[in-house]
Amino acid sequence: MRRFLSSCFGIVLVAAALPACKHDPGEEKGTQAEKTAQSGAGGEITIGQTMPYSGPASAYGTIGRVEAAYFKKINESGGINGHKVNFITLDDAYSPPKAVEQVRKLVEQDQALMIFQPLGTAPNAAIQDYLNTKKVPQLFTASGASRWGDPAHHPWTMAFNPSYRLEGATYGKHIAATKADAKIAVLYQNDDYGKDYLGGLKEGLGDKAKSVVAEATYEVSDPTIDSQIATLKASGANTFVNITTPKFAAQAIRKAYDIGWRPVQYLNNVSWSIASVLTPAGLDKSVGLITVGYYKDPTDPQWDADPAMQAFKAFMKQYYPEGSTTDANNVYGYIAAQTLVQVLTQCGSDLTRENVMKQAASLVDFTPNLLLPGIRINTSSTDFYPIEDLRLVRFDGKTWVPFGELYSSK
């Protein structure tokens, strides 16, 4: 039974109806189920995914929905090399144990060829060893944690987001170059996601890392971060680096403004959505925020006449009308789905898990047309971060405005 059913926008979740999985995860490779998963049997390519459709990171659920809509579009146009996509995306509520449960079902019961774009550092970390032991691609994780770029130890895991350490270093370099009197306060999620950003920030600051005068953390189960913001303001910091997911990002931006704290603010890219973060926080309270971009902002009027943006908005109208065309998360999901289609197209008729990873590690100057000019996707057997160029952008009250040069890990 599929957990992805066609509807007006292409996705219905009925994960609660799943029967218990009885497959023994210790079975040797080569079972009939695994062979079927890798054969494209029945003319389908089964792709599994977990996504936080509920819970503290539910704002990201739209990523799974837009990807489902994109695969519906691909199926209506004939599929990929004649194969239709059977996309099964399940709710993990941003919970690592739930992610493990759902991924086991996808691999052992649904015979998924891969797990595509599972979201979140902690959920991905929870499933990484299992998928690598089973030799199932954990492809294009919706996370930029440093642990995804380790093909020597986890050859079945590949990132999609730019490295969090690279992004953190970009902010550090910019602060060091532009604010000699910086006193920096940092709020970050208390896990590998937050710690990667913090480590990168300090690397980028270099000798000025001592200008970090206050650090505060939060747990995903916390109802608010109001007390943390008050503590950071009390430190006397004039620069604030906000390393949070959408719910907490909106709270932090709003609270800092409401208590009269006006530092220079850097916001991590995973929360740059105007629709799901800045609008709830208050657009007036978000003016001056700095983040990085690597794909086109759908609210930026400079892209209104851009054929790629027009095509995206037409796609949204036809395949995902409930989705917001101003939510950057939908652009992100659209690009990720396009990249997977490119990988599967390169696979030709060889739909084995081994070939999926080989082709994923063989992308050369792939340019989904909603990436910012000058940014390309490249991978190799030793480079599992597809996107390694970033551009600083600043919010002007209506849209993100690019400034400065590209920052790169190359």
Side-chain angles (χ1 to χ4, degrees), residues 1-7 10-42 44-58 60-61 63-65 67-68 71-72 75 83-143 154 156-158 333 336-337 340 344 351-353 356-357:
M1 179 180 66
R2 295 189 193 180
R3 260 64 68 198
F4 164 68
L5 306 175
S6 294
S7 70
I11 184 169
V12 174
L13 298 175
V14 291
L18 281 169
C21 177
K22 298 181 180 179
H23 179 82
D24 177 6
E27 274 187 29
E28 295 181 2
K29 183 184 175 186
T31 64
Q32 185 59 46
E34 288 172 324
K35 291 176 181 177
T36 300
Q38 300 187 65
S39 68
E44 290 185 337
I45 304 171
T46 298
I47 299 170
Q49 180 186 75
T50 62
M51 186 65 55
Y53 292 108
S54 63
S58 59
Y60 290 130
I63 294 171
R65 293 185 174 97
E67 289 168 348
F71 294 133
K72 182 181 180 183
N75 285 343
H83 294 284
K84 296 297 180 69
V85 173
N86 175 21
F87 184 53
I88 308 172
T89 179
L90 304 180
D91 184 19
D92 66 11
Y94 204 61
S95 162
K98 188 67 173 177
V100 171
E101 175 190 347
Q102 299 290 45
V103 164
R104 283 172 59 93
K105 290 173 180 175
L106 290 165
V107 172
E108 298 168 15
Q109 178 176 302
D110 297 302
Q111 304 164 27
L113 176 65
M114 72 186 75
I115 303 299
F116 166 66
Q117 275 261 287
L119 188 138
T121 299
N124 269 289
I127 62 177
Q128 186 178 24
D129 285 343
Y130 167 77
L131 290 173
N132 277 263
T133 297
K134 298 286 286 185
K135 299 184 179 180
V136 176
Q138 182 181 11
L139 193 56
F140 299 146
T141 60
S143 164
H154 290 100
W156 297 89
T157 302
M158 180 179 286
L340 179 60
L344 292 172
L351 290 171
T352 58
R353 289 167 175 161
V356 166
M357 288 307 300

- [ ] Quick one: pull up CD in Q49 and CZ in F87 and give me the separation to the nearest 0.5 Å.
- [x] 3.5 Å
TODO: Kindly indicate whether the side chain of M114, heavy atoms from C-beta on, has any atom under 4.5 Å from the side chain of L344.
DONE: yes
Open item on the list: Working to the nearest 0.5 angstrom, can you tell me the gap between Y53 OH and L90 CG?
Closed with: 8.5 Å
TODO: Ignoring hydrogens and angles, tell me if any N or O in the side chain of N75 forms a donor-acceptor pair with the backbone of K84 under 3.5 Å.
DONE: no
Open item on the list: Could you work out, with side-chain hydrogen bond (donor to acceptor under 3.5 Å, both in side chains) as the rule, every residue matching T133, not counting sequence neighbours?
Closed with: none
Open item on the list: Just verifying a value: how many Å separate M51 CE and R65 CZ, rounded to the nearest 0.5 Å?
Closed with: 9.5 Å
Open item on the list: Checking Q117 now: which residues fulfil side-chain hydrogen bond (donor to acceptor under 3.5 Å, both in side chains) with it, not counting sequence neighbours?
Closed with: Y332
Open item on the list: Let me confirm one number: the CG-CD1 distance from D110 to I88, rounded to the nearest 0.5 Å.
Closed with: 4.0 Å
Task: Residues D92, V103; criterion side chain to side chain contact (heavy atoms under 4.5 Å, CB included); working and verdict - done: CA-CA 9 Å; D92 66 11; V103 164; over 6 Å; no
Open item on the list: Could you report the tightest heavy-atom contact between Q102 and D91, atom names first, then the distance?
Closed with: NE2-O, 3.0 Å
- [ ] Report yes if the side chains of V136 and L106 come closer than 4.5 Å at any heavy-atom pair, otherwise no.
- [x] no
- [ ] Locate the shortest heavy-atom distance separating A112 from R353; write the atom from each residue and the value.
- [x] O-NH2, 2.8 Å
- [ ] To the nearest 0.5 Å, tell me how far T46 OG1 sits from L351 CG.
- [x] 10.5 Å
Open item on the list: Restricting to side chain to side chain contact (heavy atoms under 4.5 Å, CB included), what partner residues turn up for N132, sequence neighbours left out?
Closed with: Q128, Q138, H154, P155, W156, T157
Task: Close side-chain approach of S143 and L119, heavy atoms under 4.5 Å - done: no
TODO: Side-chain contact test, heavy atoms from C-beta onward, threshold under 4.5 Å: evaluate it for I45 versus H83 and give yes or no.
DONE: yes
Task: Validation row: F116, T89 side chains within 4.5 angstrom (heavy atoms) - done: no
TODO: List for me each residue that meets ring-ring contact (aromatic ring centres under 6.0 Å, His included) alongside Y60, sequence neighbours excluded, and say none if there are none.
DONE: none
Open item on the list: Give me the atom names and distance for the closest heavy-atom approach of A93 to P56.
Closed with: O-CD, 3.9 Å
Task: Residue pair E67 / G333: nearest heavy atoms and the distance that separates them - done: CG-O, 3.3 Å
Task: Note, I127 side chain near P118 side chain (heavy atom, < 4.5 Å) - done: yes
Open item on the list: According to salt bridge (charged side-chain N to carboxylate O under 4.0 Å, His left out), who are the partners of K98, at least two apart in sequence or on a separate chain?
Closed with: E101
Task: Set of residues satisfying side chain to side chain contact (heavy atoms under 4.5 Å, CB included) with respect to S58, sequence neighbours excluded - done: none
Open item on the list: If I take atom CD from residue E44 and atom CD from residue Q111, how far apart are they, to the nearest 0.5 angstrom?
Closed with: 11.0 Å
